[in-house]
Amino acid sequence: MKIPDFRKKQTREGFENVSELRQDLISKEWVVIATGRSKRPGAFAKGKREKFEQPISECPFEDPQASGNGEPLLIYYSDKRKRVKGAKKIIKEWSLQVIGNKYPIFGPGDCSETFKEGPYTLMDGSGFHEVIITRDHEKHIALLSLKKVEEIIKAYQERYLNLMEHKCVNYISIFYNHGKESGASLSHPHSQLIAIPILPSDIKRSLRGAKQHYEDHKRCAHCAMLKWEKEEKRVIFQNEYFIVYAPFVPRVSFELRVYPRKHQPNFEKIKPNEIKYLAEALKTALYKLNKGLKDPAYNFFFHTAPCDGKDYSYYHWHIEILPRTNIWAGIELGTGIEVSSIEPEQVAKFLRKIK
Ligand SMILES: [Zn+2]
Ligand SMILES: [Zn+2]
């Protein structure tokens, strides 16, 4: 643990953070109240939501710096044109850039302390919130060239390796929202990365289950799933290093997962020669969904071992792709039981045929 021991404090003087983390007294789950993004209650009224699809002329990601964003934290340039010094020309030639989120959910703060408010525990939402933007306004990952998808994965790894060294950072989540129903607020394709001081409940649950399985069976639960899936009929695509399948226990209809075929807890340890295979697997999965379901909204995210210095050798990193094929209703919200209305075997059969 890179964070010093938490000290209990009765007050929260000087609290000026972009957000605060609040822990549920019973479930111990953390939520974040993004005070820095605060809206007036009226803004939540139906019909008041912001417009999603921006024309190029109104898109803040065509020229992120001119739209008031900071200098890029990482920038890749297009092969075809030479980099020329002078801001305007550089901006025209970038192919990918990473910037700090203008409306961050996590930002500077003190990660070393938790506070008390009545019976509750809270802490600063300290961390990082970055946006990874690809150049083309329309082409999302499913439609990009393999080279461009490789570039995105390289950027994920590069930023991950940089942020994991920070003392407040114990978990890094990389995710991508596509389409209005996915929760994306801008239509220009972009991924996001948050680097945070806590282990989110979903991650904790996943780690706990993987560890228990490892202790009981002396092998990785994910490796056991992969071995079985290969023999069954749920594999959609595979190459030398990665596999895409429709999980036996999906959370939503058409959920897909991308796994490294060899056991590996940490995404950030992906080798340079493996990146193009991951790009191929991810792009193939998204392309098939895009074509098969006529451009559905979806979210994908990485699940990887925390970077808090502890041993997670029993874990197996992967990507989960969740198309917005259904809306959570009372049953899902009330019980946590998620309903899929198609068998994953049918999903795999359908998507395998899509070229
Ligand atoms: Zn744009
Ligand atoms: Zn494994």
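Just follow the structure's listing: the first ligand is 1, and inside any ligand the first atom is 1. The structure displayed is predicted, hence computed values, not measured ones.
Using a 4.0 Å cut-off between a side-chain N of Lys or Arg and a carboxylate O of Asp or Glu, K276 and E150 do not qualify as a salt bridge. Electrostatic pairing of E345 and K233 does not count as a salt bridge here, judged by no charged N lying under 4.0 Å from a carboxylate O.
Centred on the Zn ion (ligand 2), the angle running from H263 (ND1) to C223 (SG) is recorded as 110°, rounding to 10°. Here the angle centred on the Zn ion (ligand 2), running from SG of C220 over to ND1 of H316, is 110°, rounded to 10°.
The Zn ion (ligand 1) sits nearest to atom OE2 when only the N, O or S atoms of E62 are considered. H137 contributes ND1 as its N, O or S atom closest to the Zn ion (ligand 1). Closest approach between the Zn ion (ligand 1) and any N/O/S atom of H188 involves ND1.
A cation-pi geometry, defined here as NZ or CZ lying under 6.0 Å from the six-membered ring centre and within 45° of its normal, holds between R135 and W94.
Outside the 6.0 Å centre-distance limit, the rings of F302 and H318 are not counted as a close aromatic pair.
The 12-atom threshold is exceeded at CD1 of I56, counting heavy atoms of other residues, nucleotides or ligands nearer than 6.0 Å.
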